[in-house]
Q: 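Before we start, here is the structure in question, set down as C-alpha coordinates.
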Protein chains: 2
Amino acid sequence: MPPDFVRNEPAYRQVVRSIEAKIMSGQWSVGDRVPSETTMAGDFGVHRSTVREAVRVLEQNGLVRRHDGGKLLYVTAPREADISARITAAIVLHEISFLELWESMRCFEPVLAECAARHIDDETLDLLQANLDKTRASLEDQQALVQLDIAFHQIIARASRNRALQLCRQPISQLFYPSFSKVLTSLSAGERLLFAHEKIVQALRNRDAVGARSWMDKHIVDFRRGYELANLDIDMAADWPADQR
Amino acid sequence: MPPDFVRNEPAYRQVVRSIEAKIMSGQWSVGDRVPSETTMAGDFGVHRSTVREAVRVLEQNGLVRRHDGGKLLYVTAPREADISARITAAIVLHEISFLELWESMRCFEPVLAECAARHIDDETLDLLQANLDKTRASLEDQQALVQLDIAFHQIIARASRNRALQLCRQPISQLFYPSFSKVLTSLSAGERLLFAHEKIVQALRNRDAVGARSWMDKHIVDFRRGYELANLDIDMAADWPADQR
DNA sequence: GCCTCCATTATTGTCCGACAATAAATTCTA
DNA sequence: TAGAATTTATTGTCGGACAATAATGGAGGC
(Lines give C-alpha, C1' and ligand atoms only; values in the text may rest on other atoms or scores of the structure.)
Protein backbone atom coordinates (compact mmCIF):
# COMPACT_ATOMS: atom_id res chain seq x y z
CA MET A 1 0.00 0.00 0.00
CA PRO A 2 1.34 3.43 -0.84
CA PRO A 3 2.35 5.52 2.15
CA ASP A 4 0.26 8.49 3.20
CA PHE A 5 2.26 11.10 1.41
CA VAL A 6 1.63 9.63 -2.01
CA ARG A 7 -2.07 9.06 -1.65
CA ASN A 8 -2.88 12.66 -2.48
CA GLU A 9 0.24 13.20 -4.48
CA PRO A 10 -0.53 15.46 -7.45
CA ALA A 11 -0.37 13.86 -10.85
CA TYR A 12 2.54 15.93 -12.07
CA ARG A 13 4.61 14.73 -9.14
CA GLN A 14 3.77 11.13 -9.84
CA VAL A 15 4.91 11.67 -13.39
CA VAL A 16 8.16 13.16 -12.07
CA ARG A 17 8.78 10.19 -9.80
CA SER A 18 7.96 7.78 -12.54
CA ILE A 19 10.37 9.30 -15.04
CA GLU A 20 13.00 9.85 -12.36
CA ALA A 21 12.87 6.18 -11.46
CA LYS A 22 13.28 5.17 -15.10
CA ILE A 23 16.37 7.34 -15.35
CA MET A 24 18.00 6.54 -12.02
CA SER A 25 17.51 2.82 -12.52
CA GLY A 26 19.13 2.98 -15.94
CA GLN A 27 15.99 1.96 -17.80
CA TRP A 28 16.41 5.23 -19.68
CA SER A 29 20.13 5.82 -20.15
CA VAL A 30 21.98 9.06 -20.44
CA GLY A 31 21.74 10.16 -24.07
CA ASP A 32 18.41 8.50 -24.77
CA ARG A 33 15.69 10.62 -26.27
CA VAL A 34 12.76 11.34 -23.98
CA PRO A 35 9.33 10.91 -25.63
CA SER A 36 7.45 14.04 -26.62
CA GLU A 37 5.11 15.70 -24.17
CA THR A 38 2.11 14.57 -26.16
CA THR A 39 3.31 10.98 -26.17
CA MET A 40 3.95 10.96 -22.45
CA ALA A 41 0.61 12.59 -21.78
CA GLY A 42 -0.92 9.63 -23.55
CA ASP A 43 1.30 7.09 -21.79
CA PHE A 44 0.65 8.46 -18.32
CA GLY A 45 -2.98 9.24 -19.01
CA VAL A 46 -2.75 12.91 -18.10
CA HIS A 47 -3.00 16.19 -19.92
CA ARG A 48 -0.01 17.67 -21.64
CA SER A 49 0.09 20.61 -19.22
CA THR A 50 0.60 18.12 -16.42
CA VAL A 51 3.47 16.45 -18.22
CA ARG A 52 4.94 19.87 -18.87
CA GLU A 53 5.08 20.70 -15.20
CA ALA A 54 6.82 17.40 -14.57
CA VAL A 55 9.30 18.08 -17.36
CA ARG A 56 10.16 21.48 -15.86
CA VAL A 57 11.00 19.79 -12.59
CA LEU A 58 13.19 17.15 -14.22
CA GLU A 59 14.85 19.75 -16.42
CA GLN A 60 15.66 21.78 -13.34
CA ASN A 61 17.11 18.72 -11.68
CA GLY A 62 19.39 18.31 -14.66
CA LEU A 63 18.07 14.83 -15.39
CA VAL A 64 16.80 15.83 -18.81
CA ARG A 65 17.96 18.58 -21.12
CA ARG A 66 17.43 19.98 -24.59
CA HIS A 67 20.46 20.23 -26.82
CA ASP A 68 21.43 23.79 -27.45
CA GLY A 69 18.74 25.46 -29.52
CA GLY A 70 16.94 22.16 -30.02
CA LYS A 71 13.49 21.15 -28.88
CA LEU A 72 14.04 17.43 -28.41
CA LEU A 73 14.53 16.27 -24.86
CA TYR A 74 17.27 13.86 -23.85
CA VAL A 75 18.23 12.05 -20.68
CA THR A 76 21.36 13.56 -19.19
CA ALA A 77 23.52 13.55 -16.09
CA PRO A 78 23.20 16.72 -14.02
CA ARG A 79 25.93 19.22 -14.74
CA GLU A 80 28.14 20.75 -12.13
CA ALA A 81 26.55 24.14 -12.80
CA ASP A 82 23.04 22.81 -12.07
CA ILE A 83 24.04 21.60 -8.64
CA SER A 84 26.34 24.45 -7.93
CA ALA A 85 23.74 27.14 -8.43
CA ARG A 86 21.49 25.37 -6.00
CA ILE A 87 24.07 24.99 -3.27
CA THR A 88 24.96 28.62 -3.72
CA ALA A 89 21.35 29.64 -3.18
CA ALA A 90 21.12 27.47 -0.09
CA ILE A 91 24.26 28.96 1.41
CA VAL A 92 23.12 32.51 0.82
CA LEU A 93 19.58 32.00 2.10
CA HIS A 94 20.76 30.15 5.19
CA GLU A 95 23.07 33.07 5.85
CA ILE A 96 26.06 30.82 6.19
CA SER A 97 29.02 32.70 7.61
CA PHE A 98 32.28 33.41 5.95
CA LEU A 99 33.97 31.38 8.69
CA GLU A 100 32.04 28.34 7.56
CA LEU A 101 33.07 28.92 3.97
CA TRP A 102 36.68 29.36 4.97
CA GLU A 103 36.64 26.19 7.05
CA SER A 104 35.19 24.42 4.03
CA MET A 105 37.87 25.73 1.72
CA ARG A 106 40.48 24.69 4.24
CA CYS A 107 38.88 21.29 4.17
CA PHE A 108 38.79 20.95 0.39
CA GLU A 109 41.82 22.61 -1.03
CA PRO A 110 44.60 20.74 0.75
CA VAL A 111 42.96 17.41 0.01
CA LEU A 112 42.45 18.35 -3.62
CA ALA A 113 46.10 19.35 -3.88
CA GLU A 114 47.10 16.06 -2.31
CA CYS A 115 44.99 14.07 -4.75
CA ALA A 116 46.23 16.21 -7.63
CA ALA A 117 49.82 15.39 -6.74
CA ARG A 118 49.06 11.73 -7.33
CA HIS A 119 47.30 12.15 -10.67
CA ILE A 120 48.66 15.26 -12.30
CA ASP A 121 49.98 15.04 -15.87
CA ASP A 122 52.54 17.20 -17.63
CA GLU A 123 49.96 19.06 -19.63
CA THR A 124 48.23 20.23 -16.48
CA LEU A 125 51.58 21.17 -14.95
CA ASP A 126 52.16 23.35 -18.01
CA LEU A 127 48.82 25.02 -17.43
CA LEU A 128 49.82 25.77 -13.87
CA GLN A 129 53.20 27.09 -15.00
CA ALA A 130 51.48 29.40 -17.46
CA ASN A 131 49.21 30.55 -14.66
CA LEU A 132 52.23 31.30 -12.46
CA ASP A 133 53.89 33.28 -15.24
CA LYS A 134 50.79 35.36 -15.79
CA THR A 135 50.44 35.89 -12.05
CA ARG A 136 54.02 37.11 -11.84
CA ALA A 137 53.27 39.55 -14.64
CA SER A 138 50.07 40.81 -13.02
CA LEU A 139 51.24 41.54 -9.48
CA GLU A 140 49.93 45.08 -9.72
CA ASP A 141 46.56 44.21 -11.20
CA GLN A 142 44.34 43.06 -8.31
CA GLN A 143 41.47 42.22 -10.61
CA ALA A 144 43.62 39.96 -12.75
CA LEU A 145 45.18 38.36 -9.68
CA VAL A 146 41.82 37.25 -8.37
CA GLN A 147 40.90 35.73 -11.73
CA LEU A 148 44.24 33.97 -11.94
CA ASP A 149 43.90 32.63 -8.42
CA ILE A 150 40.45 31.27 -9.21
CA ALA A 151 41.87 29.58 -12.29
CA PHE A 152 44.84 28.22 -10.35
CA HIS A 153 42.68 26.49 -7.77
CA GLN A 154 40.28 25.30 -10.41
CA ILE A 155 43.06 23.60 -12.34
CA ILE A 156 44.21 21.82 -9.21
CA ALA A 157 40.66 20.79 -8.34
CA ARG A 158 40.29 19.22 -11.77
CA ALA A 159 43.65 17.54 -11.49
CA SER A 160 42.49 15.79 -8.34
CA ARG A 161 40.27 13.62 -10.52
CA ASN A 162 37.76 13.63 -7.71
CA ARG A 163 34.47 14.76 -9.14
CA ALA A 164 32.58 14.48 -5.88
CA LEU A 165 34.87 16.94 -4.18
CA GLN A 166 34.90 19.24 -7.19
CA LEU A 167 31.12 19.29 -7.09
CA CYS A 168 31.14 20.37 -3.45
CA ARG A 169 33.96 22.83 -3.81
CA GLN A 170 32.58 24.77 -6.75
CA PRO A 171 29.72 26.65 -5.09
CA ILE A 172 31.67 27.31 -1.93
CA SER A 173 34.62 28.76 -3.78
CA GLN A 174 32.25 30.89 -5.79
CA LEU A 175 30.96 32.53 -2.63
CA PHE A 176 34.40 32.59 -1.08
CA TYR A 177 36.07 34.62 -3.78
CA PRO A 178 34.30 37.94 -3.40
CA SER A 179 35.86 38.26 0.06
CA PHE A 180 39.15 37.05 -1.26
CA SER A 181 39.06 39.89 -3.70
CA LYS A 182 38.60 42.40 -0.88
CA VAL A 183 41.54 41.00 1.07
CA LEU A 184 43.84 41.04 -1.90
CA THR A 185 42.94 44.59 -2.73
CA SER A 186 43.32 45.92 0.78
CA LEU A 187 46.61 44.18 1.57
CA SER A 188 48.27 43.96 -1.84
CA ALA A 189 49.19 40.42 -0.96
CA GLY A 190 50.17 39.49 -4.49
CA GLU A 191 53.71 38.50 -3.57
CA ARG A 192 52.59 36.15 -0.82
CA LEU A 193 50.05 34.59 -3.13
CA LEU A 194 52.60 34.03 -5.85
CA PHE A 195 55.07 32.52 -3.39
CA ALA A 196 52.50 30.04 -2.10
CA HIS A 197 51.39 29.12 -5.60
CA GLU A 198 54.98 28.50 -6.62
CA LYS A 199 55.58 26.21 -3.69
CA ILE A 200 52.42 24.30 -4.47
CA VAL A 201 53.30 23.84 -8.13
CA GLN A 202 56.79 22.73 -7.17
CA ALA A 203 55.34 20.07 -4.89
CA LEU A 204 52.93 18.94 -7.58
CA ARG A 205 55.76 18.73 -10.08
CA ASN A 206 57.60 16.44 -7.68
CA ARG A 207 54.43 14.44 -7.12
CA ASP A 208 54.93 15.31 -3.48
CA ALA A 209 51.44 14.80 -2.07
CA VAL A 210 52.36 15.74 1.49
CA GLY A 211 54.12 18.89 0.39
CA ALA A 212 51.33 19.95 -1.93
CA ARG A 213 48.83 19.44 0.84
CA SER A 214 50.75 21.33 3.47
CA TRP A 215 51.61 24.28 1.24
CA MET A 216 48.02 24.53 0.18
CA ASP A 217 46.97 24.44 3.79
CA LYS A 218 49.39 27.24 4.65
CA HIS A 219 48.03 29.18 1.70
CA ILE A 220 44.46 28.95 2.95
CA VAL A 221 45.40 29.67 6.56
CA ASP A 222 47.36 32.64 5.34
CA PHE A 223 44.28 33.92 3.65
CA ARG A 224 42.34 33.96 6.86
CA ARG A 225 45.04 36.01 8.52
CA GLY A 226 44.73 38.44 5.65
CA TYR A 227 41.01 38.53 6.17
CA GLU A 228 41.47 39.56 9.77
CA LEU A 229 44.21 42.05 8.97
CA ALA A 230 41.86 43.62 6.45
CA ASN A 231 39.46 44.07 9.35
CA LEU A 232 36.63 42.07 7.83
CA ASP A 233 34.06 40.31 9.99
CA ILE A 234 34.49 36.58 9.70
CA ASP A 235 31.03 35.87 11.12
CA MET A 236 29.28 37.83 8.44
CA ALA A 237 27.02 35.87 6.12
CA ALA A 238 28.12 35.26 2.57
CA ASP A 239 26.16 37.23 0.05
CA TRP A 240 25.10 36.66 -3.46
CA PRO A 241 27.85 37.69 -5.91
CA ALA A 242 26.73 40.67 -7.96
CA ASP A 243 27.77 38.96 -11.19
CA GLN A 244 24.91 36.53 -10.83
CA ARG A 245 22.10 38.90 -10.24
CA MET B 1 20.10 45.46 -25.30
CA PRO B 2 19.65 42.05 -23.72
CA PRO B 3 22.37 39.51 -24.51
CA ASP B 4 21.73 36.75 -27.00
CA PHE B 5 20.77 34.12 -24.53
CA VAL B 6 17.83 36.05 -23.18
CA ARG B 7 16.41 37.24 -26.45
CA ASN B 8 14.68 33.95 -27.12
CA GLU B 9 14.40 33.04 -23.48
CA PRO B 10 11.00 31.46 -22.89
CA ALA B 11 8.57 33.46 -20.79
CA TYR B 12 8.40 30.92 -17.99
CA ARG B 13 12.16 31.16 -17.56
CA GLN B 14 12.04 34.92 -17.42
CA VAL B 15 9.44 34.61 -14.70
CA VAL B 16 11.73 32.21 -12.84
CA ARG B 17 14.66 34.59 -13.06
CA SER B 18 12.53 37.49 -12.00
CA ILE B 19 11.18 35.79 -8.89
CA GLU B 20 14.57 34.24 -8.12
CA ALA B 21 16.17 37.67 -8.17
CA LYS B 22 13.52 39.04 -5.82
CA ILE B 23 14.24 36.24 -3.38
CA MET B 24 18.02 36.15 -3.60
CA SER B 25 18.29 39.89 -3.24
CA GLY B 26 16.12 39.85 -0.14
CA GLN B 27 13.29 41.84 -1.70
CA TRP B 28 11.11 38.86 -0.83
CA SER B 29 12.35 37.46 2.49
CA VAL B 30 12.19 33.93 3.75
CA GLY B 31 8.75 33.43 5.26
CA ASP B 32 6.97 35.94 3.04
CA ARG B 33 3.91 34.77 1.21
CA VAL B 34 4.27 34.47 -2.57
CA PRO B 35 1.35 35.96 -4.56
CA SER B 36 -1.13 33.58 -6.11
CA GLU B 37 -0.56 32.21 -9.57
CA THR B 38 -3.38 34.32 -10.94
CA THR B 39 -1.95 37.48 -9.40
CA MET B 40 1.52 36.81 -10.76
CA ALA B 41 0.09 35.97 -14.16
CA GLY B 42 -1.40 39.45 -14.13
CA ASP B 43 1.76 41.09 -12.81
CA PHE B 44 4.03 39.44 -15.32
CA GLY B 45 1.57 39.68 -18.16
CA VAL B 46 1.56 35.96 -18.95
CA HIS B 47 -0.95 33.17 -18.68
CA ARG B 48 -1.34 31.25 -15.46
CA SER B 49 0.06 28.06 -17.05
CA THR B 50 3.24 29.90 -17.72
CA VAL B 51 3.50 31.06 -14.12
CA ARG B 52 2.82 27.50 -13.02
CA GLU B 53 5.82 26.16 -14.91
CA ALA B 54 7.96 28.80 -13.28
CA VAL B 55 6.61 27.94 -9.85
CA ARG B 56 7.46 24.27 -10.39
CA VAL B 57 11.04 25.23 -11.09
CA LEU B 58 11.33 27.44 -8.02
CA GLU B 59 9.63 24.86 -5.87
CA GLN B 60 12.11 22.29 -7.04
CA ASN B 61 14.96 24.65 -6.24
CA GLY B 62 13.63 24.89 -2.71
CA LEU B 63 13.20 28.66 -2.97
CA VAL B 64 9.46 28.47 -2.42
CA ARG B 65 7.40 25.87 -0.65
CA ARG B 66 3.86 25.12 0.49
CA HIS B 67 3.34 24.44 4.15
CA ASP B 68 2.39 20.88 4.79
CA GLY B 69 -1.05 20.25 3.36
CA GLY B 70 -1.54 23.93 2.54
CA LYS B 71 -1.92 25.57 -0.82
CA LEU B 72 -0.36 28.93 -0.07
CA LEU B 73 3.16 29.43 -1.31
CA TYR B 74 5.92 30.94 0.84
CA VAL B 75 9.49 32.00 0.28
CA THR B 76 11.86 29.58 1.95
CA ALA B 77 15.52 28.66 2.19
CA PRO B 78 16.38 25.41 0.40
CA ARG B 79 16.49 22.46 2.76
CA GLU B 80 19.41 20.12 3.06
CA ALA B 81 17.30 17.33 1.63
CA ASP B 82 16.53 19.31 -1.54
CA ILE B 83 20.17 19.79 -2.30
CA SER B 84 21.23 16.41 -1.12
CA ALA B 85 18.92 14.51 -3.43
CA ARG B 86 20.26 16.51 -6.35
CA ILE B 87 23.89 15.82 -5.55
CA THR B 88 23.11 12.17 -5.03
CA ALA B 89 21.57 11.96 -8.50
CA ALA B 90 24.57 13.70 -10.01
CA ILE B 91 27.02 11.33 -8.35
CA VAL B 92 25.14 8.26 -9.48
CA LEU B 93 24.61 9.40 -13.07
CA HIS B 94 28.21 10.50 -13.43
CA GLU B 95 29.21 7.06 -12.22
CA ILE B 96 31.48 8.48 -9.58
CA SER B 97 33.67 5.79 -8.09
CA PHE B 98 33.70 4.56 -4.58
CA LEU B 99 37.29 5.77 -4.31
CA GLU B 100 36.12 9.30 -4.95
CA LEU B 101 33.47 8.96 -2.28
CA TRP B 102 35.97 7.57 0.19
CA GLU B 103 38.43 10.37 -0.53
CA SER B 104 35.60 12.80 0.08
CA MET B 105 34.67 11.22 3.36
CA ARG B 106 38.30 11.28 4.37
CA CYS B 107 38.26 14.95 3.51
CA PHE B 108 35.12 15.80 5.46
CA GLU B 109 35.03 13.67 8.54
CA PRO B 110 38.33 14.59 10.19
CA VAL B 111 37.67 18.29 9.65
CA LEU B 112 34.14 17.97 10.99
CA ALA B 113 35.49 16.19 14.07
CA GLU B 114 38.06 18.92 14.51
CA CYS B 115 35.43 21.65 14.30
CA ALA B 116 33.15 19.68 16.57
CA ALA B 117 35.84 19.52 19.23
CA ARG B 118 35.80 23.30 19.37
CA HIS B 119 32.06 23.75 19.58
CA ILE B 120 30.62 20.65 21.18
CA ASP B 121 28.34 21.03 24.20
CA ASP B 122 27.62 18.58 27.00
CA GLU B 123 24.24 17.66 25.64
CA THR B 124 25.76 16.52 22.39
CA LEU B 125 28.47 14.63 24.26
CA ASP B 126 25.69 12.78 26.08
CA LEU B 127 24.14 11.88 22.74
CA LEU B 128 27.46 10.46 21.62
CA GLN B 129 27.86 8.56 24.87
CA ALA B 130 24.41 7.05 24.43
CA ASN B 131 25.37 6.10 20.90
CA LEU B 132 28.54 4.38 22.18
CA ASP B 133 26.56 2.45 24.77
CA LYS B 134 24.10 1.23 22.18
CA THR B 135 26.94 0.33 19.87
CA ARG B 136 28.59 -1.71 22.61
CA ALA B 137 25.32 -3.52 23.13
CA SER B 138 24.82 -4.21 19.42
CA LEU B 139 28.18 -5.64 18.45
CA GLU B 140 26.52 -8.73 17.01
CA ASP B 141 23.83 -6.91 15.06
CA GLN B 142 25.42 -5.66 11.83
CA GLN B 143 22.28 -3.89 10.73
CA ALA B 144 22.05 -1.91 13.95
CA LEU B 145 25.77 -1.14 13.87
CA VAL B 146 25.46 0.54 10.50
CA GLN B 147 22.56 2.66 11.70
CA LEU B 148 24.43 3.61 14.86
CA ASP B 149 27.52 4.51 12.87
CA ILE B 150 25.48 6.72 10.56
CA ALA B 151 23.98 8.42 13.60
CA PHE B 152 27.39 8.79 15.25
CA HIS B 153 28.90 10.61 12.32
CA GLN B 154 25.76 12.68 11.83
CA ILE B 155 25.92 13.92 15.41
CA ILE B 156 29.51 14.96 14.96
CA ALA B 157 28.73 16.66 11.66
CA ARG B 158 26.04 18.71 13.34
CA ALA B 159 28.32 19.52 16.26
CA SER B 160 30.80 21.04 13.83
CA ARG B 161 28.39 23.95 13.41
CA ASN B 162 29.53 24.16 9.81
CA ARG B 163 26.43 24.02 7.65
CA ALA B 164 28.32 24.29 4.38
CA LEU B 165 30.30 21.16 5.10
CA GLN B 166 27.25 19.34 6.40
CA LEU B 167 25.48 20.16 3.17
CA CYS B 168 28.28 18.65 1.12
CA ARG B 169 28.79 15.67 3.37
CA GLN B 170 25.20 14.51 3.50
CA PRO B 171 24.74 13.14 -0.03
CA ILE B 172 28.19 11.63 -0.13
CA SER B 173 27.76 9.78 3.12
CA GLN B 174 24.42 8.56 1.90
CA LEU B 175 26.04 6.86 -1.04
CA PHE B 176 29.01 5.79 1.01
CA TYR B 177 27.10 3.79 3.59
CA PRO B 178 25.78 0.96 1.45
CA SER B 179 29.37 -0.18 0.91
CA PHE B 180 30.15 0.40 4.52
CA SER B 181 27.41 -2.00 5.37
CA LYS B 182 28.98 -4.67 3.17
CA VAL B 183 32.37 -4.26 4.80
CA LEU B 184 31.01 -4.43 8.30
CA THR B 185 29.05 -7.55 7.51
CA SER B 186 31.88 -9.38 5.83
CA LEU B 187 34.56 -8.54 8.40
CA SER B 188 32.56 -8.27 11.62
CA ALA B 189 34.59 -5.20 12.39
CA GLY B 190 32.31 -4.05 15.19
CA GLU B 191 35.04 -4.05 17.82
CA ARG B 192 37.35 -1.90 15.72
CA LEU B 193 34.54 0.50 15.00
CA LEU B 194 33.63 0.81 18.67
CA PHE B 195 37.25 1.37 19.65
CA ALA B 196 37.65 4.17 17.13
CA HIS B 197 34.38 5.79 18.15
CA GLU B 198 35.42 5.68 21.80
CA LYS B 199 38.71 7.37 21.04
CA ILE B 200 36.95 10.05 19.06
CA VAL B 201 34.43 10.76 21.78
CA GLN B 202 37.20 10.90 24.34
CA ALA B 203 39.03 13.49 22.27
CA LEU B 204 35.82 15.49 21.80
CA ARG B 205 35.16 15.37 25.52
CA ASN B 206 38.64 16.84 26.11
CA ARG B 207 38.00 19.45 23.43
CA ASP B 208 41.11 18.00 21.79
CA ALA B 209 40.69 19.11 18.19
CA VAL B 210 43.90 17.51 16.96
CA GLY B 211 43.11 14.22 18.62
CA ALA B 212 39.54 14.15 17.35
CA ARG B 213 40.77 14.85 13.87
CA SER B 214 43.47 12.24 13.86
CA TRP B 215 41.33 9.49 15.37
CA MET B 216 38.63 10.23 12.88
CA ASP B 217 41.17 10.08 10.09
CA LYS B 218 42.44 6.71 11.31
CA HIS B 219 38.83 5.53 11.46
CA ILE B 220 38.19 6.43 7.85
CA VAL B 221 41.51 5.05 6.65
CA ASP B 222 40.77 1.88 8.53
CA PHE B 223 37.52 1.58 6.68
CA ARG B 224 39.27 1.57 3.35
CA ARG B 225 41.52 -1.24 4.48
CA GLY B 226 38.39 -3.13 5.41
CA TYR B 227 36.97 -2.43 1.99
CA GLU B 228 39.98 -3.99 0.36
CA LEU B 229 40.06 -6.94 2.75
CA ALA B 230 36.44 -7.57 1.90
CA ASN B 231 37.59 -7.81 -1.70
CA LEU B 232 35.40 -5.03 -3.02
CA ASP B 233 36.34 -3.03 -6.10
CA ILE B 234 37.18 0.50 -5.10
CA ASP B 235 36.85 1.81 -8.65
CA MET B 236 33.29 0.68 -8.98
CA ALA B 237 30.68 3.40 -9.41
CA ALA B 238 28.39 4.21 -6.54
CA ASP B 239 24.86 3.09 -7.13
CA TRP B 240 21.51 4.37 -6.09
CA PRO B 241 20.54 3.08 -2.65
CA ALA B 242 17.53 0.80 -2.92
CA ASP B 243 15.73 2.63 -0.14
CA GLN B 244 15.26 5.63 -2.38
CA ARG B 245 13.80 3.93 -5.39
C1' DG C 1 25.91 6.97 -53.66
C1' DC C 2 26.18 11.41 -51.23
C1' DC C 3 24.99 16.05 -50.45
C1' DT C 4 22.06 20.34 -50.53
C1' DC C 5 17.71 22.57 -50.52
C1' DC C 6 12.94 22.61 -49.74
C1' DA C 7 8.32 21.03 -48.21
C1' DT C 8 6.15 18.52 -44.59
C1' DT C 9 5.55 17.08 -39.99
C1' DA C 10 6.36 17.06 -35.11
C1' DT C 11 7.17 19.45 -31.06
C1' DT C 12 7.37 23.03 -28.05
C1' DG C 13 5.91 27.53 -25.90
C1' DT C 14 2.12 30.08 -24.94
C1' DC C 15 -2.45 31.19 -24.61
C1' DC C 16 -7.68 30.82 -23.53
C1' DG C 17 -11.02 29.00 -20.77
C1' DA C 18 -13.24 25.72 -17.49
C1' DC C 19 -14.21 22.98 -13.36
C1' DA C 20 -13.75 20.24 -9.04
C1' DA C 21 -11.57 19.92 -4.68
C1' DT C 22 -10.25 22.06 -0.82
C1' DA C 23 -7.66 25.43 1.94
C1' DA C 24 -8.32 30.11 3.66
C1' DA C 25 -11.02 33.73 5.01
C1' DT C 26 -15.26 35.51 6.60
C1' DT C 27 -19.66 35.57 8.67
C1' DC C 28 -22.82 33.82 11.76
C1' DT C 29 -24.28 31.84 16.11
C1' DA C 30 -24.26 30.36 20.77
C1' DT D 1 -15.38 35.49 22.16
C1' DA D 2 -14.92 30.56 20.51
C1' DG D 3 -16.53 27.51 17.31
C1' DA D 4 -19.50 26.25 13.34
C1' DA D 5 -21.18 27.35 8.90
C1' DT D 6 -20.62 29.66 4.73
C1' DT D 7 -18.29 32.08 1.22
C1' DT D 8 -14.13 32.99 -1.42
C1' DA D 9 -9.58 32.11 -3.21
C1' DT D 10 -6.36 29.03 -4.88
C1' DT D 11 -4.57 25.10 -6.76
C1' DG D 12 -4.53 20.87 -9.75
C1' DT D 13 -6.12 19.21 -13.84
C1' DC D 14 -8.28 19.17 -18.09
C1' DG D 15 -9.77 20.33 -23.01
C1' DG D 16 -8.44 22.67 -26.93
C1' DA D 17 -5.97 26.15 -29.96
C1' DC D 18 -2.24 28.41 -32.56
C1' DA D 19 2.30 30.30 -34.00
C1' DA D 20 7.10 29.47 -34.31
C1' DT D 21 10.50 26.51 -35.39
C1' DA D 22 13.26 22.25 -35.05
C1' DA D 23 13.30 17.64 -37.13
C1' DT D 24 12.46 14.81 -40.82
C1' DG D 25 12.09 13.09 -45.31
C1' DG D 26 12.20 13.56 -50.25
C1' DA D 27 13.59 15.79 -54.88
C1' DG D 28 17.02 17.05 -57.48
C1' DG D 29 21.92 17.98 -58.58
C1' DC D 30 26.92 16.41 -58.17
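Labels below follow one simple rule: chain letters A, B, ... track the order of the sequence lines, proteins then strands, and each chain is numbered from 1.
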Q: What's the closest nucleotide to the side chain of B:Lys71 if the choices are C:dT22, D:dA23, D:dT13?
A: C:dT22

Q: Rounded to whole angstrom units, what separation is found between the CE atom of B:Met40 and the P atom of C:dT14?
A: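 From B:Met40 CE to C:dT14 P: 16 Å.
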
Q: Can you check whether any acceptor in the base of C:dG13 is under 3.5 Å from a donor in the side chain of A:Arg48, or vice versa?
A: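 Flag set: donor-acceptor pair detected.
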
Q: For A:His67 and A:Tyr74, take the angle between the two ring planes, folded into 0 to 90°, and tell me which bin it lands in: parallel under 30, tilted 30 to 60, perpendicular over 60.
A: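 Geometry flag for A:Tyr74 against A:His67: parallel rings.
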
Q: In whole Å, I'd like the distance from the CD atom of A:Glu9 to the P atom of D:dT11.
A: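 Rounding to the nearest Å, CD of A:Glu9 and P of D:dT11 are 19 Å apart.
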
Q: In terms of ring plane angle, is the pair A:Phe108 and B:Phe108 parallel, tilted or perpendicular, where the classes change at 30° and 60°?
A: perpendicular

Q: Of all the nucleotides listed (C:dT12, C:dC16, D:dG15), which has the minimum atom distance to the side chain of A:His47?
A: D:dG15

Q: Could you work out which one of D:dA23, D:dC14, C:dT12 sits closest to the side chain of A:Arg52?
A: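 The nucleotide sitting nearest to the side chain is C:dT12.
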
Q: Roughly how many Å is it from CZ in A:Arg66 to P in D:dA23, rounded to a whole number?
A: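 Taking atom P of D:dA23 as the reference, CZ of A:Arg66 is at 10 Å.
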
Q: At under 4.0 Å, does any side-chain N or O of A:Thr50 touch on OP1 or OP2 of D:dC14?
A: yes

Q: Provide, to the nearest angstrom, the distance between the CZ atom belonging to A:Arg13 and the P atom belonging to D:dT13.
A: 10 Å

Q: Any side-chain heavy-atom pair from B:Leu63 and B:Thr76 closer than 4.5 angstrom?
A: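 No; the side chains remain at least 4.5 Å from each other.
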
Q: Pick the nucleotide of DNA chain D nearest each of A:Gly69 and A:Tyr12; which residue has the one closer to the 5' end?
A: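 The residue closer to the strand's 5' end, by nearest nucleotide, is A:Tyr12.
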
Q: Grab the CZ-C1' distance between A:Phe44 and D:dG12 for me, whole Å please.
A: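 Nearest whole value for this atom pair: 18 Å.
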
Q: For B:Leu72 and for A:Arg33, find the nucleotide of DNA chain D with the closest heavy atom, then tell me which residue's nucleotide is more 5'.
A: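 Nearest-nucleotide comparison on DNA chain D picks B:Leu72.
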
Q: Would you mind reading off the distance between A:Glu53 atom CD and D:dG12 atom P, rounded to a whole angstrom?
A: 7 Å

Q: Just wondering, are more than 12 heavy atoms of other shown residues or ligands nearer than 6.0 Å to CZ in A:Arg158?
A: no

Q: For the residue pair B:Leu145 and B:Ser138, what are the closest heavy atoms and their distance?
A: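 Minimum heavy-atom separation between B:Leu145 and B:Ser138: CG-O, 3.5 Å.
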
Q: Nearest of D:dT11, C:dT14, C:dT12 to any side-chain atom of B:Glu37?
A: D:dT11

Q: From C:dT12, D:dC14, D:dG12, pick the nucleotide closest to the side chain of A:Thr38?
A: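 When the side chain of A:Thr38 is considered, C:dT12 is the closest of C:dT12, D:dC14, D:dG12.
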
Q: Which whole-number value in Å describes the distance from A:Tyr74 OH to D:dA23 P?
A: 7 Å

Q: Is there a side-chain polar atom (N or O) of A:Arg56 under 4.0 Å from OP1 or OP2 of C:dG13?
A: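 For A:Arg56, the contact criterion (side-chain N or O under 4.0 Å from OP1 or OP2 of C:dG13) is met.
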
